[in-house]
Amino acid sequence: MLQADKKGIVLVTGGTGFVGQAIVRSLEKSGYKARILARTTRFDRSHHPAVEFRQGNVVDGQGVESAMQGCSAVIHLVGIIRETRFQSFEQAHVQATENVLKAASAAGIQRYIHMSASGTRAHAAAQYHQTKWRAEQLVRATTLNWTIFRPGLIHGPDGEFTRMVMQWHDGKAPPFLFMPYFGGGLLGQRAIARVQPIFIEDLAELFVRALEIPDTENRTYEVGGPDPFTWPAMLEVFNTVLPGPRRAILGIPFWLAKALSAFPLPGLPFNHDQVVMAGEDSVCDLAAVKRDFPGFAPQPLESSFRGYIATMAAG
Ligand SMILES: NC(=O)c1ccc[n+]([C@@H]2O[C@H](COP(=O)([O-])OP(=O)(O)OC[C@H]3O[C@@H](n4cnc5c(N)ncnc54)[C@H](OP(=O)(O)O)[C@@H]3O)[C@@H](O)[C@H]2O)c1
């Protein structure tokens, strides 16, 4: 546990990303100094002059141990949702976690917070989940005081998912004519999986509060927003809040999505793993998180989305 009066510097791997930027803001608000580790400097530091940036790569380990010098804790976020020719799931999840854990031990760091994902389990169908599981197992095998978070869908103003939903609504992204989800049945008309989206600021609060709550050490938390939705019900919330005419919400049959992703043509906006994961429930029971984080009250999807869509429109 970090003592509230000895907050110190917290290293955030992947701190320039969607989740990372929110965590950096939350760290600063709580009196920590944040140090970011990423491969490139794509972070607007004009609003965060105190944030330190260290260039490094968690996959080959370059710059990782030196970035940890003088830190009191590490928040390891780096991960990918789709493989590229530069980074596989194995590298970005398993190898990266191994390097970060080794460097944290060598640097004498005690407190370690790990980003995993909902659905992570041994023998998961998706490669994403399988490699997240193996990374979690590496964390559990260390002597560091660790905490693992498994969020499902995360939404927020800079998030890829929110941007995509807005483009679907405006007819600016495939399939252009409607807001899609993967559905069961011959025509995809049946909603078969549920999601429980969490607002990015609520998730960032948990990562930072965990640093000072001893009961969270060596525990894994499933986290989500307050309400589960079927995919079409969730899209309907965005549809209702977004300005402009309501867009139709229609299912793409799973069998078709699976067939297309088995032999993907260039430009296909989803991959096999994403189809598999969209067919699984990604919901959780918040009892453990509410027990260990007193007062934690994640914001409902509709009100939080209304809040930031207004800011986005103004900006
Ligand atoms: N977004 C979601 O809905 C969601 C849901 C559940 C779990 N998660 C997990 O949350 C984590 C963060 O997701 P995100 O949405 O914030 O991703 P993101 O926006 O793509 O950010 C990824 C961050 O990692 C850095 N990075 C990537 N490869 C790196 C490497 N080899 N070495 C050092 N830094 C590297 C990137 O900067 P550079 O490219 O400059 O290196 C960037 O700072 C991931 O582990 C993801 O699996 C996300």
Side-chain angles (χ1 to χ4, degrees), residues 11-26 34-45 51 53-68 74-100 103 113-120 124 126-136 139 148-165 195-204 206-207 220-225 234 273-274 277-278 280 282-284 301:
L11 182 74
V12 184
T13 74
T16 58
F18 166 51
V19 178
Q21 293 197 34
I23 288 180
V24 165
R25 284 195 297 275
S26 189
R35 183 181 292 166
I36 288 173
L37 179 116
R39 293 166 304 176
T40 56
T41 343
R42 55 179 169 106
F43 182 58
D44 177 7
R45 280 197 286 165
V51 173
F53 178 81
R54 296 293 163 88
Q55 195 273 330
N57 187 331
V58 291
V59 171
D60 64 17
Q62 176 251 320
V64 179
E65 195 180 323
S66 62
M68 291 186 188
V74 172
I75 296 179
H76 176 44
L77 299 177
V78 171
I80 52 174
I81 191 65
R82 60 187 76 79
E83 295 189 305
T84 65
R85 68 197 158 92
F86 305 108
Q87 246 170 193
S88 64
F89 286 136
E90 178 72 26
Q91 291 172 317
H93 298 159
V94 186
Q95 205 171 310
T97 300
E98 194 172 359
N99 287 336
V100 171
I113 317 274
H114 184 83
M115 173 60 100
S116 188
S118 162
T120 292
Q127 280 281 319
Y128 175 83
H129 285 145
Q130 282 174 26
T131 48
K132 285 276 188 190
W133 170 255
R134 289 182 36 229
E136 282 192 4
V139 174
I148 296 173
F149 287 103
R150 289 180 180 166
L153 212 157
I154 307 167
H155 73 99
D158 307 313
E160 185 178 328
F161 175 72
T162 307
R163 271 202 309 270
M164 193 171 63
V165 169
V195 277
Q196 196 169 330
I198 184 166
F199 180 39
I200 182 67
E201 300 300 327
D202 292 328
L203 182 68
L206 291 176
F207 271 75
T220 302
Y221 295 96
E222 302 275 341
V223 289
M234 176 185 66
D273 247 33
Q274 286 168 311
M277 291 191 285
E280 296 177 353
S282 174
V283 293
C284 65
L301 175 61

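For ligands, and for the atoms within them, numbers begin at 1 and follow the listed sequence. Worth saying up front: this structure is predicted, and the values here are computed from it rather than measured.
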Regarding E98 and R134, does a basic nitrogen lie under 4.0 Å from an acidic carboxylate oxygen? no
T131 (side chain) donor-acceptor with Q127 (main chain) under 3.5 angstrom: yes
Short N or O contacts of ligand 1 with protein, under 3.5 Å, listed by atom name?
| residue | atom | partner | partner atom | Å |
| --- | --- | --- | --- | --- |
| ligand 1 | 3 (O) | I154 | N | 3.3 |
| ligand 1 | 16 (O) | F18 | N | 3.3 |
| ligand 1 | 16 (O) | V19 | N | 2.9 |
| ligand 1 | 19 (O) | F18 | N | 2.9 |
| ligand 1 | 28 (N) | R39 | NH2 | 3.4 |
| ligand 1 | 28 (N) | Q87 | NE2 | 3.3 |
| ligand 1 | 31 (N) | N57 | OD1 | 2.9 |
| ligand 1 | 31 (N) | Q87 | OE1 | 2.6 |
| ligand 1 | 32 (N) | V58 | N | 3.0 |
| ligand 1 | 37 (O) | T16 | OG1 | 3.4 |
| ligand 1 | 39 (O) | R39 | NH2 | 2.8 |
| ligand 1 | 40 (O) | T40 | N | 3.0 |
| ligand 1 | 40 (O) | T40 | OG1 | 2.4 |
| ligand 1 | 41 (O) | R39 | N | 2.8 |
| ligand 1 | 41 (O) | R39 | NE | 2.7 |
| ligand 1 | 43 (O) | G14 | O | 3.2 |
| ligand 1 | 43 (O) | T16 | N | 3.4 |
| ligand 1 | 43 (O) | T16 | OG1 | 2.5 |
| ligand 1 | 43 (O) | G17 | N | 3.1 |
| ligand 1 | 45 (O) | L77 | O | 2.6 |
| ligand 1 | 45 (O) | G79 | N | 3.4 |
| ligand 1 | 45 (O) | K132 | NZ | 2.8 |
| ligand 1 | 47 (O) | Y128 | OH | 2.7 |
| ligand 1 | 47 (O) | K132 | NZ | 3.0 |

My understanding is that only residues two or more places apart in sequence, or in another chain, count here; which of them pass side chain to side chain contact (heavy atoms under 4.5 Å, CB included) with V24? V12, A34, I36, F43, V51
Looking at E160, I want to see if its CD is surrounded by more than 12 non-hydrogen atoms of other residues, nucleotides or ligands under 6.0 Å. no
Between M68 and V74, is a side-chain contact (heavy atoms from CB on, under 4.5 Å) present by the stated rule, with each step listed? CA-CA 8 Å; M68 291 186 188; V74 172; 4.0 Å; yes
Testing the 3.5 Å rule here: is there a donor-acceptor pair between the side chains of H155 and T162? no
